[in-house]
Amino acid sequence: MKQNLMSNNLKAVLFPDDMQEQGQNAVQKEKCSTIQFFNYRCERSRNDVGIPYGQTNPMVMTFTVRLVQPEEGVLYHKRLMDNEPAGYTFLFNASFNEQQRLKSYENVLIVNGYLIDVEDDFSTDSQDKESSQMLIRVKLFVSSITYKGQMKDELLEINK
C-alpha cells in the first residue's frame, strides 16, 4: 500500500508577509493560504572536520500554495513585476482565535527574498464544478531565513 505523503496531521499555512515586521496580530486566517509543497537547500563550506564556515550560498526556494480565490494570486504577480524583496511566513500547526487572528503556532520560517518565477495552475473536476482549485507555484531567490521555534530563534543570512 502506498503511503500518503500529504498528511492532514501536519498543517502548514503561508502568510504572504513578514510576521516579525507586521506583528503576530496582523496574521489573519483569511490572508493565509494552505501550503501544498515547499523546498529549499542551504549549502555552506565545511572544513576537514565538518565544521561549517563562511557565508551560506545563495539559493532558490520553491513553494506551492492553494488559493481560495484566484484574486489572491495577484499579489505574487505584482511582487514579481516590482522586483523588490518581500517576506513570506510559513506557519506550522497554527491556531487562530475567535476573531480569526493568529493565536499560536509550533514553528515558523520567515523567508525574505526576490520572486523570480510565478506559475498558475487552475484545475476543475468536469463532473463536480465545486471541486475546482487554483494552485500557484513560486520560485524565490532567498536573502534570509529566520526560524522561530518553541525552543529558540535563529537567523540565517544568505550571502548575496
Side-chain angles (χ1 to χ4, degrees), residues 2-22 24 26-46 52-96 102 105-125 131-160:
K2 186 176 177 182
Q3 183 180 4
N4 184 4
L5 298 177
M6 300 297 276
S7 172
N8 287 330
N9 296 328
L10 296 175
K11 295 183 176 124
V13 295
L14 175 74
F15 175 64
D17 217 328
D18 186 333
M19 184 178 80
Q20 290 184 123
E21 289 179 6
Q22 300 297 319
Q24 184 170 329
V27 181
Q28 298 175 21
K29 189 174 185 179
E30 67 184 20
K31 293 183 180 177
C32 294
S33 302
T34 303
I35 298 172
Q36 300 294 110
F37 167 84
F38 76 98
N39 180 36
Y40 70 98
R41 191 170 102 200
C42 291
E43 295 180 2
R44 283 181 78 182
S45 299
R46 295 183 180 267
Y53 68 91
Q55 297 290 329
T56 303
N57 296 328
M59 69 180 145
V60 173
M61 172 186 237
T62 58
F63 62 88
T64 303
V65 293
R66 183 178 42 180
L67 304 177
V68 177
Q69 299 294 325
E71 299 82 37
E72 295 173 14
V74 172
L75 170 73
Y76 298 98
H77 291 282
K78 182 180 179 326
R79 288 185 177 174
L80 179 65
M81 298 303 292
D82 290 345
N83 199 27
E84 296 287 330
Y88 302 87
T89 302
F90 294 75
L91 296 152
F92 301 94
N93 294 324
S95 63
F96 297 86
L102 183 62
Y105 57 86
E106 188 173 304
N107 298 298
V108 65
L109 283 176
I110 301 170
V111 182
N112 287 288
Y114 295 85
L115 277 181
I116 57 174
D117 190 29
V118 176
E119 180 183 329
D120 300 325
D121 182 13
F122 185 78
S123 64
T124 185
D125 184 350
S131 67
S132 63
Q133 68 175 352
M134 182 169 182
L135 300 177
I136 195 156
R137 291 179 190 83
V138 176
K139 287 186 181 178
L140 182 71
F141 188 70
V142 177
S143 58
S144 71
I145 297 175
T146 302
Y147 168 79
K148 296 176 71 73
Q150 293 178 332
M151 302 299 284
K152 62 182 176 177
D153 298 348
E154 291 183 19
L155 171 65
L156 176 63
E157 288 288 340
I158 310 300
N159 189 13
K160 299 177 187 176

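Considering OG1 of T146 and CE of M19, their distance stands at 10.0 Å, rounded to 0.5 Å. To the nearest 0.5 Å, atoms OG1 (T62) and NZ (K139) are separated by 7.5 Å. Atoms CD and CD, from E72 and Q69 in turn, are 6.5 Å apart once rounded to the nearest 0.5 Å. How far CG of D17 is from NZ of K31: 8.5 Å, rounded to the nearest 0.5 Å.
Contact annotation: the side chain of V27 approaches that of L91 to within less than 4.5 Å [non-hydrogen atoms, C-beta and beyond]. Contact of the D120 side chain with the M134 side chain is registered, since non-hydrogen atoms from C-beta on lie closer than 4.5 Å. Looking at heavy atoms from C-beta onward, T89 lies out of side-chain contact with L109 at the 4.5 angstrom threshold. The side-chain heavy atoms of Y88 and L140, taken from C-beta on, include a pair separated by under 4.5 Å. For the pair I145 and Y40, the minimum side-chain heavy-atom distance is below 4.5 Å. Taking the side chain as every heavy atom from C-beta outward, Q20 and K148 approach each other to under 4.5 Å. Residues Y147 and I110 form no side-chain contact, since every pair of their non-hydrogen atoms from C-beta on lies 4.5 Å or further apart. Using a 4.5 Å heavy-atom threshold, the side chains of T64 and V138 count as separate.
Looking at every heavy atom in both residues, N112 comes nearest to G87 through OD1-CA, 3.1 Å. The two residues S95 and L102 come nearest to each other via the heavy atoms O-CD1, 3.6 Å.
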For side chain to side chain contact (heavy atoms under 4.5 Å, CB included), just list the numbers for H77 and I136, CA-CA rounded to whole Å, side-chain angles, deciding distance to a tenth of an Å, and then say yes or no. CA-CA 10 Å; H77 291 282; I136 195 156; 4.2 Å; yes
Would F96 and C32 satisfy side chain to side chain contact (heavy atoms under 4.5 Å, CB included), going step by step from the backbone distance to the final call? CA-CA 11 Å; F96 297 86; C32 294; 4.2 Å; yes
Worked check of side chain to side chain contact (heavy atoms under 4.5 Å, CB included) between L135 and Q36: CA-CA 9 Å; L135 300 177; Q36 300 294 110; 3.8 Å; yes
Step-by-step side chain to side chain contact (heavy atoms under 4.5 Å, CB included) determination, V65 to Y76: CA-CA 11 Å; V65 293; Y76 298 98; 4.2 Å; yes
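A donor-acceptor contact closer than 3.5 angstrom is absent between the side chains of Y105 and N93.
For the pair R79 and Y114, the cation does not sit on the ring face, since its NZ or CZ is not both under 6.0 Å from the ring centre and inside 45° of the axis.
The side chain to side chain contact (heavy atoms under 4.5 Å, CB included) test with V60 singles out one residue from I116, V142, N39, and that residue is I116.
In this structure, F63 and F90 have perpendicular ring planes: the angle between them is above 60°, well past the 30° mark.
A search for side chain to side chain donor-acceptor pair (under 3.5 Å) contacts involving D117 returns nothing, not counting sequence neighbours.
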